[in-house]
Amino acid sequence: MAQDTDVLLNEKRIFNPDEQVIKRANVDKWESELNKGKDLEKYWANKAEQFEWFQKWDKVLDDSNKPFYKWFVNGKINLAYNAVDRWIKTPKRNQVAILYANERGDERKITYYELYREVNKFANGLINLGVKKGDRVSMYLPMCPELLVSMLACTKIGAIHNVVYSGLSVGPFVERMNELKAKILITADGTYRRGKIIDLKKIADEGLLQSHTVETVIVVNHTGNSIESSDLSGREISYDRLIEGESDEFKAELMDAEDPLFILHTSGSTGKPKGILHTTAGYMVGVATTLRDIFDIHDDDLWWCTGDIGWITGHSYVIYAPLLLGTTTLVYEGAPDYPDPGIWWRMVERYGVTKFYTAPTAIRHLMRFGNRYPKIYNTSSLKILGTVGEPINPEAWMWFYKNIGKEKIPIMDTWWQTETGMHLISPLPTTPLKPGSATKPVPGVEADVVDGKGNPVPLGKGGFLIIKTPWPAMFRNLYHDEERFINSYWKDYPGYYNAGDIARKDEDGYFWIQGRSDDVLKIAGHRIGTSEVESAFVSHPAVAEAAVIGKSDPVKGQVVKAFLVLREGYQLKTKLIEDLKLHVRYELGPVAVLGELDQVKSLPKTRSGKIMRRILRAREEGEDLGDTSTLEE
Ligand code: WT7
């Protein structure tokens, strides 16, 4: 089997970090040298020291039973205590912890002290309902402060939360509740979406009819939508009623470092969503460290991650990491283009956001409107930008860099997964950047690109991305599916983590992620990642978004079939088709043999914004679409 991906996007631009950025950076020399083989356990122990432990660990890493790694063995700690209570004793007590805003212009500011009291009251309320350490609590909530309070309260009790993204429909929501035998469901009367209120409670009621385990439903009055009690009303209680009169003190549960923290399902871009299990201490140390070092968090920062809390990006970097660092996290409920595509930059201006973290899909979308909107607002408070979720097409990177970063602010292209819990491959603020590359593994992590047998491939060639070192925020299992855990991630390259992505490393050791290995194209014996072909299309001025799949061809095995969303004013006529083919061939060389090009209005995506190529493939081959529970409408 040929592993080489001879298709090379001709991307040679390099952007060196600004002096100011380097001067400020948290990252010290020791950290940047760690990848050259310094003491891994000492490195993470040093990071873990910064937290308050009830009892210190005996051993940083126990790898005696791979792949069941254990971190901070016998350490006792509580993550919520470290994210909230710890700050009450410091000058941060009255600093804003959560800055909530929404598309209607409402805002709420919650200080660390207020958050502390609210979490304690809610934890007491949950205890009164019989919630104990180890119980599973489902949440079907919008981006609202009560979601953060609920998660932190569970964490303080030691209950395991399972957040279901509020954009998912009844089916996947019921499936998750039943799979986990959830005891409690927390939901809301509604969520704001593009000027409308979506009635979440109605969906929750429908779901509850099919749940056999939920004993109590807690309803947050978020939008003021009138709440209709259902047949299940005997089980219902409002959030306000639950905390009314509760004590604002609550003693955090003593958690073992390896006690489960949460279960979260993957976005299902290439198959049925998996229930990923994360545990306490390693996750805590991993997410806080990466946010601090990669986004260079200081006391004067205002952090904004636009990801939804219903996905890992939100778990790790909207709630846990920023609070663990004692920073202010902006929680925004609304779309990137409502009421207009300037809303995000307006928010940056209004609040003075300093660090801004978003997804390539959003950038590609906003890019279609050119620089019309960014020009209106003063975004000079920004110091670092970031992206996550998919490979970022170099053209989208350049747009972001020029129009939002004003060619001064670095972009942290962070590669990671629900499974990894934290960033694993990403620039630091001091790293020279190449548009479209996530650059190198973060300190303490080693990665490589290998062939099917696990041998490293030569530089420039494509292969499978593996992670060679254990890292603290690694997932510990798939919920009740150990077999799939081993088979999907650990079997192919014993001792190493198989990320399921394909990538190549360039002559500087920079990683270029080329997409999921399940999406790979096989043309005349060459394995070709989807991302470089798509980026070549997107670098043409007529194309806004592209998805490519391999279509069976009697001669080549497969040829590229492309689905294109064009920019305003373009039509896919013969002349443009010829032009696009020439352009892509010029960018990539002859290996990417192009077949049909189709113009489409939009691409099938997961609710988290990832292109679902398997849907396009199935449709093209006339096959069953498979699991579509996370497909956007
Ligand atoms: C998959 C994981 C991690 C939070 C959101 C997604 C792709 C993610 C990048 C990046 C290229 C990326 C990978 C990965 N991915 N970040 N910076 N460059 N690809 O989490 O839903 O678990 O998806 O997203 O293919 O395997 P997820």
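First listed ligand is number 1; within each ligand, the first listed atom is number 1. No hydrogens, no waters, no symmetry mates; every other heavy atom, side chains included, goes into these values.
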Handout entry: Donor-acceptor under 3.5 Å (R607 side chain, G167 main chain)
Key = yes
Practice task
Compute the minimum heavy-atom distance from T266 to ligand 1 and say whether it is under 4.0 Å.
Solution key: no
Exercise for the section: Could you list the atoms of ligand 1 found under 4.0 angstrom from a heavy atom of S267? Expected result: 21 (O)
Handout entry: Residue and atom name of the nearest protein heavy atom (relative to atom 13 (C) of ligand 1), distance in Å to one decimal
Key = D501 OD2, 2.9 Å
Problem - Under 3.5 Å donor-acceptor, N162 side chain and I263 backbone - result: yes
Handout entry: Distance flag, aromatic centroids of F356 and W344, threshold under 6.0 Å
Key = yes
Exercise for the section: Please write down residue, atom name and distance for the protein heavy atom closest to atom 11 (C) of ligand 1. Expected result: P391 N, 3.1 Å
Problem - Residue I513 vicinity, atoms of ligand 1 by number, heavy atom under 4.0 Å - result: 11 (C), 19 (N)
Handout entry: Test: R613 and D518 ion pair at under 4.0 Å
Key = no
Fill in the blank from the handout: The atoms of ligand 1 lying under 4.0 Å from a heavy atom of I312, numbered in the order shown, are 3 (C), 4 (C)
Exercise for the section: Distance to 0.1 Å, residue and atom name: give those for the protein heavy atom nearest to atom 16 (N) of ligand 1. Expected result: G389 N, 3.1 Å
Practice task
Could you pull out the closest heavy-atom pair between L291 and I297, with the gap in Å?
Solution key: O-CG1, 3.5 Å
Handout entry: Closest to atom 20 (O) of ligand 1 (judged by heavy-atom distance), picking from T387, T418, T420, L264
Key = T418
Handout entry: Residues which pass side-chain contact (heavy atoms from CB on, under 4.5 Å) with A499, listed by chain and number, not counting sequence neighbours
Key = W415, Q417, L465, Y497
Handout entry: Close-contact set for ligand 1 against W416 heavy atoms, below 4.0 Å
Key = 2 (C), 3 (C), 4 (C), 8 (C), 14 (C), 16 (N)
Exercise for the section: Would you verify whether the NZ or CZ of K355 falls within 45 degrees of the ring axis of F295 while also being under 6.0 Å from that six-membered ring's centre? Expected result: no
Handout entry: Atoms of ligand 1 close to V388 [distance to a heavy atom under 4.0 angstrom, numbered from 1]
Key = 3 (C), 4 (C), 5 (C), 16 (N)
Practice task
Please could you name the atoms of ligand 1 that D413 approaches to less than 4.0 Å, counting only its heavy atoms?
Solution key: 10 (C), 17 (N), 18 (N)
Exercise for the section: Answer yes when E395 and R13 have at least one side-chain N-carboxylate O distance shorter than 4.0 Å, and no when they do not. Expected result: yes
Exercise for the section: Taking salt bridge (charged side-chain N to carboxylate O under 4.0 Å, His left out) as the test, write out the residues that go with D627, two or more places apart. Expected result: none
Handout entry: Option with minimal heavy-atom separation from atom 24 (O) of ligand 1, where the choices are E390, K610, H315
Key = K610
Fill in the blank from the handout: ligand 1 atoms nearer than 4.0 angstrom to some heavy atom of T414 are 9 (C), 10 (C), 16 (N), 17 (N)
Exercise for the section: State if S608 counts as touching ligand 1 under the rule of any non-hydrogen atom under 4.0 Å. Expected result: no
Problem - Taking atom 5 (C) of ligand 1 as the reference point, the nearest protein heavy atom with its distance - result: T313 OG1, 3.4 Å
Handout entry: pair Y43-T289: side-chain heavy atoms closer than 4.5 Å
Key = yes
